[in-house]
Amino acid sequence: MTRQDRIVHSISRLVSKGLFAEAQTALASALARYPDNGPLWWLRGIAAYRRADFDRARRALEHAGLLVPLDARTQCLLADAYARTGYPRQ
């Protein structure tokens, strides 16, 4: 397991335990070091969505989708984040 994999796993545990503030702090640090890591962006989006920060969730999940394929459930969360933020604005 690579260092990046260990970081993703550690942050994933924080998110699954509902420790979203701690996860966001760890994600900020990890993404500064590994900005092209799709799973980290995905976790940032999931943590933001669960905190009802739908704008941040939308941005993070969009970015994750550029780096890794999003599963159907994540695509639904992204669609919901779009709806909740009124995005795209016309």
Side-chain angles (χ1 to χ4, degrees):
M1 184 180 284
T2 68
R3 178 169 175 71
Q4 285 186 58
D5 291 337
R6 286 191 301 274
I7 291 169
V8 168
H9 182 73
S10 174
I11 295 171
S12 180
R13 284 193 319 234
L14 291 172
V15 171
S16 68
K17 290 179 181 179
L19 301 172
F20 305 124
E22 293 87 341
Q24 289 291 5
T25 300
L27 282 160
S29 175
L31 285 167
R33 186 168 185 169
Y34 305 110
D36 294 329
N37 186 300
L40 288 174
W41 282 101
W42 179 83
L43 284 167
R44 181 178 227 173
I46 297 302
Y49 186 90
R50 291 188 181 166
R51 291 181 72 191
D53 185 348
F54 300 112
D55 190 55
R56 176 177 276 190
R58 176 189 56 79
R59 288 181 280 124
L61 292 174
E62 285 176 338
H63 195 94
L66 296 173
L67 300 170
V68 295
L70 300 179
D71 62 20
R73 181 169 182 246
T74 303
Q75 290 176 17
C76 289
L77 294 178
L78 178 56
D80 187 58
Y82 283 142
R84 291 174 183 263
T85 60
Y87 189 85
R89 291 174 177 83
Q90 298 184 15

**Prompt:** Tyr34: what forms a ring-ring contact (aromatic ring centres under 6.0 Å, His included) with it, not counting sequence neighbours?
**Reply:** none

**Asked** What is the distance from atom CG of Asn37 to atom CG of Leu67, rounded to the nearest 0.5 Å?
**Response** 8.0 Å

**Prompt:** Using 30° and 60° as the class limits, which term best fits the ring planes of His63 and Trp41: parallel, tilted or perpendicular?
**Reply:** tilted

**Item:** Sequence-distant partners of Asp55, salt bridge (charged side-chain N to carboxylate O under 4.0 Å, His left out), two or more places apart
**Value:** Arg58, Arg59

Show every donor-acceptor pair shorter than 3.5 Å between a side-chain atom in residues 19-30 and any protein atom, with sequence neighbours excluded, or say none if there are none.
| residue | atom | partner | partner atom | Å |
| --- | --- | --- | --- | --- |
| Thr25 | OG1 | Ala21 | O | 3.1 |

**Request:** Could you list the residues that satisfy side-chain contact (heavy atoms from CB on, under 4.5 Å) with Thr74, not counting sequence neighbours?
**Result:** Trp42, Leu61, Leu70, Asp71

**Message:** Checking Arg6 now: which residues fulfil side-chain contact (heavy atoms from CB on, under 4.5 Å) with it, not counting sequence neighbours?
**Reply:** Met1, Arg3

**Request:** Kindly give the heavy-atom pair with the smallest separation between Ala48 and Ala57, and that separation in Å.
**Result:** CB-N, 3.6 Å

Distance-only check: which donor-acceptor pairs under 3.5 Å involve side-chain atoms of residues 8-18, not counting sequence neighbours?
| residue | atom | partner | partner atom | Å |
| --- | --- | --- | --- | --- |
| Ser16 | OG | Ser12 | O | 3.4 |
| Ser16 | OG | Arg13 | O | 3.0 |

**Closest contact, heavy atoms only, Tyr49 versus Ala81** = CE1-N, 4.4 Å

**Prompt:** So, for Pro39 and Val68, which heavy atoms are closest and what is the spacing to 0.1 Å?
**Reply:** CD-CG1, 4.1 Å

